Amino acid sequence: MAQVTRQRRTQPSDPPPSSTSYTKFDKRGRSDGEEKEGMGWFLPVLALGMLRYMSATSNIIHDCDEVFNYWEPLHYLLYHSGFQTWEYSSQFALRSYLYILFHELVGRPASWLFGEEKVRVFYAVRLFLGLLSVVADATLVIALSRKYGKRLASYLLAMLCLTSGCFFASTSFLPSSFSMYAMSLSSGLFLLEKPAMAVAVAAVGVIVGWPFSILVFLPITFYSLARKFKPVFIAGAVTSVAILAFSVLIDYHFYKRWTSSVWNLLVYNVLGGGESHLYGTEGSLYYIRNGFNNFNFCFILALLFLAILPIARKKYAPDLLVVVSPLYIWLGFMSLQPHKEERFLYPIYPLVCVAASAVIESFPDLFRDKYNPNENSLLVMTAKILRPVALSLILCASHARTFSLINGYSAPLEIYKLLEHHDDAGTGSVLCVGSEWHRYPSSFFVPDYVGDVRWIDDGFRGLLPFPFNSTLGGTSAAPPYFNNKNMATDEQYLRDLDTCTFLVELQLNRPYPYRGQDLSTWEPIAAWPYMDRELSPSMYRSFFIPYLWQQKNVFGMYKLFRKIKK
């Protein structure tokens with residue numbers, strides 16, 4: 001009997017042999033040219049604009065590094081006063097003023113417009129950061145809609161708007177946030193088939209923003225070079241050289257010596273000079289826990305992107321895989337470093353949303369019959385229903401996280417805003433801060449009648465920021481009290497507490513003495529509840545659960561005191 005070879009009947013949905021990559025036009029049943037332009041710009045810009053405005057006006061300050069390394073130098077450039085860290089000492093010059101000057105483009109006109117209302121200048125800069133985020137994220141959404149369709153882009157838009165990580169990072173004054181903007185914009189340009197522009201934006205994100213984020217941009221850079229080497233190489237090289245040269249000139253102007261802060265930062269952290277263990281270390285699972293807190297189930301789905309890739313390879317490889325791959329590279333690399341902070345993951349936050357959106361969009365593909373992909377079986381229909389269910393669960397959990405952080409930890413910003421209502425204390429008043437120095441929201445919240453902000457000794461033994469010393473040269477000074485070993489100096493504390501006019505103190509349910517308890521000396525003039533992290537259960541403090549959030553969590557009081565005149 002002759003052997004008969006069984007051949008599978010060609011399905012109408014099979015791609016033509018010449019097809020090399022997937023686009024939205026390869027979807028089943030979609031006529032050629034349907035929804036040719038993808039999603040329009042109006043909806044992404046409107047949605048992102050509203051949420052970034054909410055973030056700019058309600059976001060808390062998550063890290064003291066944001067205050068002392070960025071808000072304070074900006075305040076000094078605008079108002080000739082502010083705190084300086086050792087990293088801005090010209091002896092070390094680890095931070096470039098180029099990044100600060102970029103924000104001064106908004107801060108300077110705002111200071112002219114609002115005059116003595118420095119708080120408004122603070123929020124004007126935040127709105128500017130939100131605008132940068134809107135442009136970058138909207139570009140990424142539009143790019144995905146044109147290449148992969150509106151559904152995937154809609155999922156991404158919802159997550160970029162509402163996930164807690166993106167909500168908070170989008171208006172943080174941090175180089176890692178700037179690199180995050182560049183990551184979104186570069187990825188969008190890459191998907192829009194503009195590799196040269198994508199690499200140029202990547203260079204800006206690395207040099208102006210955070211130099212260590214170069215690892216995040218390598219996949220797009222290498223793949224773009226492989227596609228169109230000459231224009232991509234020229235764009236990247238010219239942009240990099242021009243910005244590096246400009247950065248060196250800016251550093252010379254402020255530090256009064258020829259140096260490169262980008263190089264100094266790399267030497268300090270990579271080539272043996274770094275002492276990152278001095279500033280706190282975390283275990284290898286820190287970023288996994290942190291990722292779940294900020295993205296909940298979105299983070300878990302994002303990590304599953306590689307698992308669904310064999311099934312969805314036709315759709316997402318290679319372009320979307322190139323875009324998403326830095327998520328795994330960066331997460332793995334940073335988890336191996338002893339010094340871990342939440343802000344270190346900011347550059348890959350948009351990629352978490354992209355990867356999770358792709359996984360949700362691919363739910364039905366996991367259950368399709370490969371020989372009959374058009375059949376809508378019960379499992380396929382169930383998977384389609386699960387897509388909006390999963391998205392809703394992510395967005396609800398994200399809202400619970402955002403609500404909890406804003407309402408639990410906004411006290412410092414709110415308390416310092418009230419200082420402007422007590423100007424009857426007189427010019428030259430002294431504001432004293434003890435253990436709460438690390439929650440100081442910046443000099444933008446300190447009215448002009450307060451002549452000095454001083455730290456008082458509450459037991460902290462690390463090096464604290466000092467005011468910029470104009471006598472020693474301001475930005476070009478190399479004060480002898482600074483060191484790169486986090487060693488405290490005697491000069492950093494105010495010894496004569498009788499000179500204090502105001503006192504900021506957090507009073508928790510602890511058997512410790514507080515200065516504000518001496519009611520013969522201090523009069524409480526403002527108080528705001530502040531969540532006690534150590535006594536509040538992890539689940540209830542991380543996510544807002546109606547009724548239980550107030551009952552299960554423990555709150556202290558963030559207080560502003562005024563010295564009683566005798």
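All of these numbers come straight from a predicted model, not from anything done at the bench.
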What closest approach, in Å, do [X] and [Y] show between heavy atoms, and which atom pair accounts for it?
X: Q507; Y: K559; value: OE1-NZ, 3.1 Å
X: L508; Y: G556; value: CD2-CA, 3.9 Å
X: L160; Y: P350; value: CD2-CA, 4.1 Å
X: Y530; Y: A411; value: CD1-CB, 3.8 Å
X: S404; Y: F544; value: CB-N, 3.8 Å
X: V201; Y: S186; value: CG1-N, 4.0 Å

At what distance, to the nearest 0.5 angstrom, does [atom1] of [X] lie from [atom2] of [Y]?
X: E414; Y: F445; atom1: CD; atom2: CZ; answer: 8.5 Å
X: F502; Y: I525; atom1: CZ; atom2: CD1; answer: 5.0 Å
X: E420; Y: Y449; atom1: CD; atom2: OH; answer: 9.0 Å
X: L46; Y: C161; atom1: CG; atom2: SG; answer: 9.0 Å

Please check if atom [atom1] in [X] has more than 12 non-hydrogen atoms from other residues, nucleotides or ligands closer than 6.0 Å.
X: K417; atom1: NZ; answer: yes
X: F246; atom1: CZ; answer: no
X: M557; atom1: CE; answer: yes
X: D496; atom1: CG; answer: yes
X: E116; atom1: CD; answer: no
X: I406; atom1: CD1; answer: yes

Separation of SG atoms, C500 and C432, below 2.5 Å
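Yes; the two sulfurs sit under 2.5 Å apart.
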Close side-chain approach of D448 and K118, heavy atoms under 4.5 Å:
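Of all side-chain heavy-atom pairs linking K118 with D448, at least one is under 4.5 Å.
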Any side-chain heavy atom of L185 sitting closer than 4.5 Å to one from L140?
no
Partner set under side-chain contact (heavy atoms from CB on, under 4.5 Å) for [X], not counting sequence neighbours:
X: S179; answer: W210, S213, P347
X: Y53; answer: T57, L127
X: T239; answer: A200, A203, V204, I243

When you measure from the side chain of [X] to the backbone of [Y], do you find a donor-acceptor pair of N or O atoms at a distance under 3.5 Å?
X: T281; Y: H339; value: no
X: S96; Y: L98; value: yes
X: N469; Y: G474; value: no
X: E505; Y: G516; value: yes

According to the interplanar angle, ranging from 0 to 90°, do the rings of [X] and [Y] count as parallel (below 30°), tilted (30 to 60°) or perpendicular (above 60°)?
X: F102; Y: F128; value: tilted
X: F178; Y: Y181; value: perpendicular
X: F173; Y: Y99; value: tilted

By the salt bridge (Lys or Arg N to Asp or Glu O under 4.0 Å) test, which pairs, at least two apart or in different chains, include something from [range]?
range: residues 80-94; value: E87-R95
range: residues 119-130; value: E117-R120
range: residues 246-263; value: none

Run the salt bridge (charged side-chain N to carboxylate O under 4.0 Å, His left out) test against R495 and tell me which residues pass, sequence neighbours left out.
D457
Partners of K563 by salt bridge (charged side-chain N to carboxylate O under 4.0 Å, His left out), sequence neighbours excluded?
none
Ring pair (Phe, Tyr, Trp, His ring centres under 6.0 Å) partner of F83, the single match among Y70, W455, Y76, W437:
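Only one of Y70, W455, Y76, W437 forms a ring pair (Phe, Tyr, Trp, His ring centres under 6.0 Å) with F83, namely W455.
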Kindly determine whether T171 and S55 satisfy side chain to side chain donor-acceptor pair (under 3.5 Å), including the steps that lead there.
CA-CA 6 Å; T171 54; S55 173; 2.6 Å; yes
For Y346 and E341, run side chain to side chain contact (heavy atoms under 4.5 Å, CB included): C-alpha distance rounded to whole Å, both residues' side-chain angles, the deciding distance at 0.1 Å, then the answer.
CA-CA 10 Å; Y346 284 7; E341 295 188 37; over 6 Å; no
Could you check F344 against F212 for side chain to side chain contact (heavy atoms under 4.5 Å, CB included), going step by step and ending with a plain yes or no?
CA-CA 10 Å; F344 292 171; F212 296 104; over 6 Å; no
salt_bridge(E342, R289) N-O dist < 4.0 Å
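Salt bridge absent between E342 and R289.
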Just distance, no hydrogens or angles: give the donor-acceptor pairs under 3.5 Å from side chains in residues 132-139, sequence neighbours left out.
{"from": "S133", "atom 1": "OG", "to": "R52", "atom 2": "NE", "distance (Å)": "2.9"}
{"from": "S133", "atom 1": "OG", "to": "D137", "atom 2": "OD2", "distance (Å)": "3.2"}
{"from": "D137", "atom 1": "OD1", "to": "S184", "atom 2": "OG", "distance (Å)": "2.8"}
{"from": "D137", "atom 1": "OD2", "to": "R52", "atom 2": "NH2", "distance (Å)": "3.0"}
{"from": "T139", "atom 1": "OG1", "to": "V135", "atom 2": "O", "distance (Å)": "2.7"}

State which residues pass side chain to side chain donor-acceptor pair (under 3.5 Å) with [X]; sequence neighbours excluded, sorted by chain then number.
X: Q84; answer: none
X: E436; answer: R439, Y558
X: R541; answer: none

Compute whether any side-chain donor of one residue and acceptor of the other, for N294 and S164, lie under 3.5 angstrom apart.
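The answer is no; no qualifying pair exists.
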Can you name the one residue among L431, D423, L419 that meets side-chain contact (heavy atoms from CB on, under 4.5 Å) with P447?
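Option passing the side-chain contact (heavy atoms from CB on, under 4.5 Å) with P447: L419.
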Would L77 and F254 count as a side chain to side chain contact (heavy atoms under 4.5 Å, CB included) if you check the C-alpha gap in whole Å, the side-chain angles of each, and the deciding distance to 0.1 Å?
CA-CA 10 Å; L77 296 186; F254 285 100; 3.6 Å; yes
